[in-house]
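Numbered from 1 within each chain, the chains take letters A, B, ... in sequence-line order. Only this structure's heavy atoms are used, side chains among them; waters, hydrogens and symmetry mates stay out.
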Protein chains: 2
Amino acid sequence: MTRSDNKPYHHGDLRTALLEAASSIICESGIDGLSMRRLADQVGVSRTAPYHHFKDKNALLCAIAEKGFEHQDAMVQELMDKLGPDQNRQRFKRWVRAYIRFAHENPETYDLMYGREIWKRGEPTESLQQVSRASFRLWVDLVDHMQQQGVLSCQHPALKTAQASWASLHGLTRLLIDGVYLDRTDLEEIAETLVDLITQ
Amino acid sequence: MTRSDNKPYHHGDLRTALLEAASSIICESGIDGLSMRRLADQVGVSRTAPYHHFKDKNALLCAIAEKGFEHQDAMVQELMDKLGPDQNRQRFKRWVRAYIRFAHENPETYDLMYGREIWKRGEPTESLQQVSRASFRLWVDLVDHMQQQGVLSCQHPALKTAQASWASLHGLTRLLIDGVYLDRTDLEEIAETLVDLITQ
DNA sequence: TAGGCAATCTTTACAGCGTCAAGTTAGACC
DNA sequence: GGTCTAACTTGACGCTGTAAAGATTGCCTA
């Protein structure tokens with residue numbers, strides 16, 4: 001078959017292009033708006049071309065989630081470095097706010113990172129599991145530090161406390177991105193209340 | 001067209017039959033396993049017959065979620081009545097455990113009740129909204145009571161405290177049903193830790 | 001008891017989905 | 001130049017939600 005258009009047969013960097021297009025589709029149409037066919041159309045390749053770079057749709061979603069973890073970690077980390085060593089309670093509150101803000105600005109990515117689409121319905125890539133574990137370790141470290149500074153109770157070990165407090169934060173976040181609490185201002189107050197409840 | 005089979009043209013109580021079949025399908029195959037076509041097949045009607053009882057799939061899911069709220073409320077309420085008036089901390093812990101147990105036993109229903117499928121992707125029925133608000137009011141009442149008994153802090157008003165604490169509980173529950181923490185025993189410990197964090 | 005209406009149910013069809021199988025193209029290496 | 005392989009296309013299958021239009025029935029009224 002002759003190739004009338006000037007588009008080359010091989011794309012060159014299809015994997016990257018797919019990831020970028022997928023992020024953009026998810027951003028404006030949500031996860032439901034992302035289909036392998038629509039994605040392929042947008043990039044300008046055949047409908048099954050993406051399958052040479054991602055085993056299936058689940059693998060593509062895992063890759064997006066992975067990028068999400070990196071983004072979130074970088075953002076939160078950078079924010080923490082700005083604070084002096086003596087403002088620990090501030091530091092904790094700031095982390096909570098940054099966490100919620102990230103989810104608010106990237107709700108669909110957050111859903112992929114911590115939602116059932118990948119973790120229950122599909123199955124997380126080995127690579128994704130590593131990244132997510134590393135991300136959680138950041139939280140455990142922070143909690144450990146907060147315990148030593150007396151911001152959080154030492155009644156339970158750092159790991160358990162980290163699990164429990166992160167679960168709380170995650171719950172609050174989910175309410176926002178799942179549309180149960182739509183009001184962001186309202187949610188900020190609840191977050192404030194939550195931190196007061198948890199910290200001592 | 002002659003009706004060779006003895007099945008009558010009108011089902012009689014199709015709405016109820018659909019709800020029961022849908023619950024059963026969800027129970028054994030998850031929400032993803034529930035399609036309008038499969039549902040209709042199972043009940044033995046044509047594929048579009050269900051649309052005469054539910055506007056669309058969203059309406060069907062809302063009806064299932066509604067039944068879920070009633071089930072959960074009844075279960076928790078019954079459990080609370082068994083306790084004497086002086087065991088308030090016990091009462092609180094028991095509620096938390098019952099809440100998590102319900103979600104563990106009915107993960108797909110829980111997801112419908114509090115998940116994005118209905119609240120963000122679709123839109124909750126007016127009827128569902130009422131039932132869910134009533135259910136949340138039960139929680140606010142409990143929190144109010146716990147504040148008066150000194151189990152929970154009075155630093156913030158009952159509503160805010162109820163929102164924050166329920167968000168925590170919800171977060172923990174989601175981790176379980178979304179497959180992030182698979183170990184139920186592990187989760188019980190975290191729940192214990194959470195209650196210790198929140199109560200004073 | 002007959003007529004008509006509204007509720008219920010069926011048939012048919014459409015556009016979309018994920019992905020498998022088989023064929024085509026092009027670049028890379030011996 | 002020949003061969004191997006990765007990248008890509010074409011075509012197909014079975015699944016999805018649901019709109020449109022026709023068939024059947026129970027019920028209510030005259």
Side-chain angles (χ1 to χ4, degrees), chain A residues 1-22 25-26 28-64 108 112 116-118 120-123 125, chain B residues 1-19 21-22 25-26 29-64 108 112 116-118 120-123 125:
Chain A
M1 180 183 290
T2 60
R3 302 196 61 75
S4 53
D5 45 1
N6 7 5
K7 183 168 68 79
Y9 190 87
H10 287 276
H11 180 281
D13 198 3
L14 184 53
R15 200 193 130 95
T16 307
L18 286 170
L19 276 178
E20 278 170 11
I25 290 176
I26 278 183
E28 61 188 38
S29 311
I31 297 180
D32 303 335
L34 174 67
S35 78
M36 295 299 271
R37 301 163 102 99
R38 181 177 166 189
L39 174 61
D41 283 356
Q42 183 139 326
V43 174
V45 291
S46 76
R47 294 185 308 239
T48 54
Y51 285 88
H52 293 271
H53 298 274
F54 299 98
K55 183 177 149 284
D56 50 22
K57 192 179 182 182
N58 176 71
L60 172 71
L61 297 180
C62 283
I64 298 172
E108 307 292 332
L112 282 181
R116 61 164 34 195
E117 178 69 43
I118 286 177
K120 183 166 190 181
R121 193 143 101 183
E123 49 179 331
T125 313
Chain B
M1 178 185 290
T2 60
R3 302 198 60 75
S4 54
D5 45 0
N6 5 5
K7 184 167 68 80
Y9 190 87
H10 288 273
H11 179 282
D13 197 3
L14 184 52
R15 200 193 130 94
T16 307
L18 286 170
L19 276 178
I25 290 176
I26 278 183
S29 310
I31 297 180
D32 303 336
L34 175 67
S35 78
M36 295 299 270
R37 301 164 102 99
R38 182 176 167 191
L39 174 62
D41 284 355
Q42 183 138 328
V43 175
V45 291
S46 76
R47 295 187 306 236
T48 52
Y51 286 87
H52 292 272
H53 298 273
F54 299 97
K55 181 176 149 284
D56 49 22
K57 194 180 182 183
N58 176 72
L60 173 71
L61 296 180
C62 284
I64 298 172
E108 307 292 334
L112 282 181
R116 62 164 33 193
E117 177 71 43
I118 286 177
K120 183 168 189 182
R121 192 143 103 185
E123 50 178 330
T125 313

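For B/Ala49, whose side chain is taken as the heavy atoms from C-beta onward, the closest listed nucleotide among C/dA13, D/dA12, C/dC9 is C/dC9. Each of D/dT18, D/dC8, D/dG11 was ranked by its minimum atom distance to the side chain of B/Thr48; first place goes to D/dT18. Ranking C/dC9, D/dT18, D/dT9 by closeness to the A/His52 side chain, first place goes to D/dT9. The listed nucleotides are C/dG18, D/dG17, D/dT9; the one nearest the side chain of A/Tyr51 is C/dG18.
For residues 34-51 of chain A, every residue pair satisfying the side chain to side chain donor-acceptor pair (under 3.5 Å) rule, not counting sequence neighbours, is listed here: A/Ser29-A/Arg38.
Shown here are the salt bridge (charged side-chain N to carboxylate O under 4.0 Å, His left out) partners of A/Lys57, two or more places apart in sequence or in another chain: there are none. Evaluation of the side chain to side chain contact (heavy atoms under 4.5 Å, CB included) rule for B/Asn58 yields B/Asp56, B/Cys62, B/Ile118, B/Glu123 as partners, not counting sequence neighbours. Evaluation of the salt bridge (charged side-chain N to carboxylate O under 4.0 Å, His left out) rule for B/Arg15 yields no partner, not counting sequence neighbours.
What separates CG of B/Leu14 from P of D/dG26 is a distance of 15 Å, to the nearest Å. Regarding B/Phe54, its CZ atom lies at a distance of 12 Å from the P atom of C/dC9, rounded to whole Å. Distance CG (A/Leu60) to P (C/dC17): 14 Å, rounded to an integer number of Å. Rounding to whole angstrom units, CG of residue A/Asn58 and P of C/dC17 are separated by 18 Å. Taking atom CZ of residue A/Arg47 and atom P of nucleotide D/dT10, one finds them 9 Å apart after rounding to whole Å. Note: NZ (A/Lys57) to C1' (C/dC17) measures 8 Å, nearest angstrom. The distance from atom CD1 of A/Ile31 to atom P of C/dG18 is 13 Å, rounded to the nearest whole Å.
How far CD1 of A/Ile25 is from CG of A/Asp32: 12.5 Å, rounded to the nearest 0.5 Å. The distance from atom CD1 of B/Ile31 to atom CG of B/Leu112, rounded to the nearest 0.5 Å, is 3.5 Å.
Rounded to 10°, the helix from C/dT1-D/dA30 to C/dC30-D/dG1 has 10° between the axis fitted to its first five pairs and the one fitted to its last five.
Position along DNA chain C of the nearest nucleotide to B/His53 versus A/Lys55 favours B/His53 as the more 5'-ward residue.
For the pair A/Met36 and A/Leu60, the minimum side-chain heavy-atom distance is below 4.5 Å. Between B/Phe54 and B/Leu19 the shortest side-chain heavy-atom distance falls below 4.5 Å. The side-chain heavy atoms of B/Arg116 and A/Glu108, taken from C-beta on, include a pair separated by under 4.5 Å.
Within residues 34-42 of chain B, no residue has any heavy atom closer than 4.0 Å to DNA chain C.
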